[in-house]
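No experiment lies behind these values; they were computed from the predicted model shown.
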Amino acid sequence: QVQLVESGGGLVQAGGSLRLSCAASGRTFSTRAMGWFRQAPGKERDFVAAITWRGGITDYADSVKGRFTISRDNAGNTVYLQMNSLKPEDTAVYYCAAGDRFVRYDYAYDYWGPGIQVTVSS
């Protein structure tokens with residue numbers, strides 16, 4: 001079992017930065033791939049970024065590549081999403097997720113946090 005809780009969201013102006021954290025509990029966190037997804041109002045949940053369990057490989061959606069960075073601290077049971085150069089279209093509820101596979105598909109992730117709001121004003 002893995003339990004996830006996101007933090008670090010909020011309101012920021014366009015061009016600003018935020019760092020999301022996802023604190024995990026459970027013995028198997030360090031062996032799971034981790035992903036970040038987001039869902040804007042009236043839209044489907046979209047893939048944002050993922051990282052392998054050792055942290056050596058990362059993957060990003062084209063819309064955030066070069067602006068967002070995913071990282072993890074297995075000793076601290078935490079995964080991060082550093083978001084720079086934020087745009088109004090980044091406004092969404094952001095979710096972290098844990099799974100056995102390093103993929104972009106949300107259905108492949110077994111555990112989810114409750115989500116946290118990120119709002120980017122223009």
Side-chain angles (χ1 to χ4, degrees):
Q1 287 282 349
V2 178
Q3 294 182 327
L4 307 171
V5 179
E6 302 93 343
S7 62
L11 174 65
V12 64
Q13 289 188 333
S17 298
L18 282 175
R19 187 175 81 155
L20 302 183
S21 299
C22 175
S25 62
R27 293 180 297 169
T28 60
F29 167 78
S30 62
T31 63
R32 294 184 180 270
M34 298 295 296
W36 284 96
F37 294 79
R38 66 186 182 186
Q39 187 168 20
K43 295 187 177 181
E44 294 183 351
R45 186 165 57 190
D46 290 331
F47 168 77
V48 175
I51 189 167
T52 54
W53 70 273
R54 285 186 174 178
I57 302 174
T58 57
D59 186 27
Y60 297 93
D62 288 345
S63 58
V64 306
K65 197 172 295 183
R67 299 188 297 123
F68 291 11
T69 303
I70 188 171
S71 61
R72 68 188 296 163
D73 173 9
N74 284 343
N77 280 8
T78 304
V79 63
Y80 302 98
L81 185 68
Q82 178 67 43
M83 305 186 295
N84 299 327
S85 302
L86 283 161
K87 305 175 181 180
E89 51 262 44
D90 294 318
T91 295
V93 176
Y94 283 71
Y95 300 89
C96 69
D100 292 329
R101 298 166 59 192
F102 173 64
V103 294
R104 295 186 170 199
Y105 311 114
D106 57 359
Y107 60 76
Y109 289 81
D110 303 305
Y111 302 99
W112 292 82
I116 193 163
Q117 179 70 45
V118 170
T119 303
V120 184
S121 63
S122 58

Subject >> side chain to side chain contact (heavy atoms under 4.5 Å, CB included) assessment of Arg72 paired with Met34 >> reply: CA-CA 9 Å; Arg72 68 188 296 163; Met34 298 295 296; 3.6 Å; yes

Original post:
Is there a side chain to side chain contact (heavy atoms under 4.5 Å, CB included) between Tyr111 and Gln1 once you walk through the steps?
Top reply: CA-CA 8 Å; Tyr111 302 99; Gln1 287 282 349; 3.5 Å; yes

Original post:
Going through the distances and angles, do Trp53 and Arg32 end up as a side chain to side chain contact (heavy atoms under 4.5 Å, CB included)?
Top reply: CA-CA 5 Å; Trp53 70 273; Arg32 294 184 180 270; 5.6 Å; no

**OP:** Apply side chain to side chain contact (heavy atoms under 4.5 Å, CB included) to the pair Thr119 and Val12, showing each step before the final yes or no.
**Re:** CA-CA 6 Å; Thr119 303; Val12 64; over 6 Å; no

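Although no hydrogens or angles enter the test, the distance criterion places no donor-acceptor pair under 3.5 Å between the side chain of Arg104 and the main chain of Gly35. Counting only distance, with no hydrogens or angles, the side chain of Tyr109 and the backbone of Val103 share a donor-acceptor pair below 3.5 Å.
Checking each of Leu81, Val48, Ile116, Thr91 against Arg38 for a side-chain contact (heavy atoms from CB on, under 4.5 Å) leaves exactly one that passes, namely Val48. Tested against Cys22 for a side-chain contact (heavy atoms from CB on, under 4.5 Å), the candidates Tyr80, Tyr95, Trp36 yield a single pass: Trp36.
Once rounded to the nearest 0.5 Å, the distance linking CG of Leu20 with OG1 of Thr78 reads 12.5 Å. The OG atom of Ser121 lies 5.0 Å from the CD atom of Gln13; values are rounded to the nearest 0.5 Å. Atom OG in Ser63 sits 7.5 Å away from atom CG in Asp46 (nearest 0.5 Å). Atom CD1 in Ile57 sits 12.5 Å away from atom CD1 in Ile70 (nearest 0.5 Å). In this structure, CE on Met83 lies 11.5 Å from CZ on Arg19, to the nearest 0.5 angstrom.
Taking each heavy atom of Ala40 and Ala92 in turn, the nearest pair found is N-CB, 3.8 Å. The two residues Lys43 and Gln39 make their nearest non-hydrogen contact at O-NE2, 3.0 Å. Contact between Ser71 and Ile51 at its shortest, heavy atoms only, is CA-CD1, 3.7 Å. For Asn77 against Gly26, the heavy-atom pair with the smallest separation is ND2-O, 4.0 Å.
Cation-pi geometry between Arg45 and Trp112 is satisfied (NZ or CZ under 6.0 Å from the ring centre, within 45° of the ring normal).
Looking at heavy atoms from C-beta onward, Ser21 lies out of side-chain contact with Glu6 at the 4.5 angstrom threshold. Val120 is not listed as a side-chain neighbour of Glu89, based on a closest heavy-atom distance of 4.5 Å or more.
A salt bridge is defined here as a Lys NZ or Arg NE, NH1 or NH2 lying under 4.0 Å from an Asp or Glu carboxylate O, and Lys65 with Asp62 meets this definition.
Checking Asn84 against Ser17 by side-chain atom types alone, a donor-acceptor pair falls below 3.5 Å.
Under the 4.5 Å side-chain heavy-atom criterion for grouping Ile, Leu, Val, Met, Phe, Trp and Tyr, Tyr107 is connected to Val93 within one hydrophobic cluster.
Heavy-atom neighbours of Gln117 CD from other residues, nucleotides or ligands within 6.0 Å: above the threshold of 12.
A perpendicular orientation is assigned to the rings of Phe47 and Phe37, their planes being inclined by more than 60° (bins at 30° and 60°).
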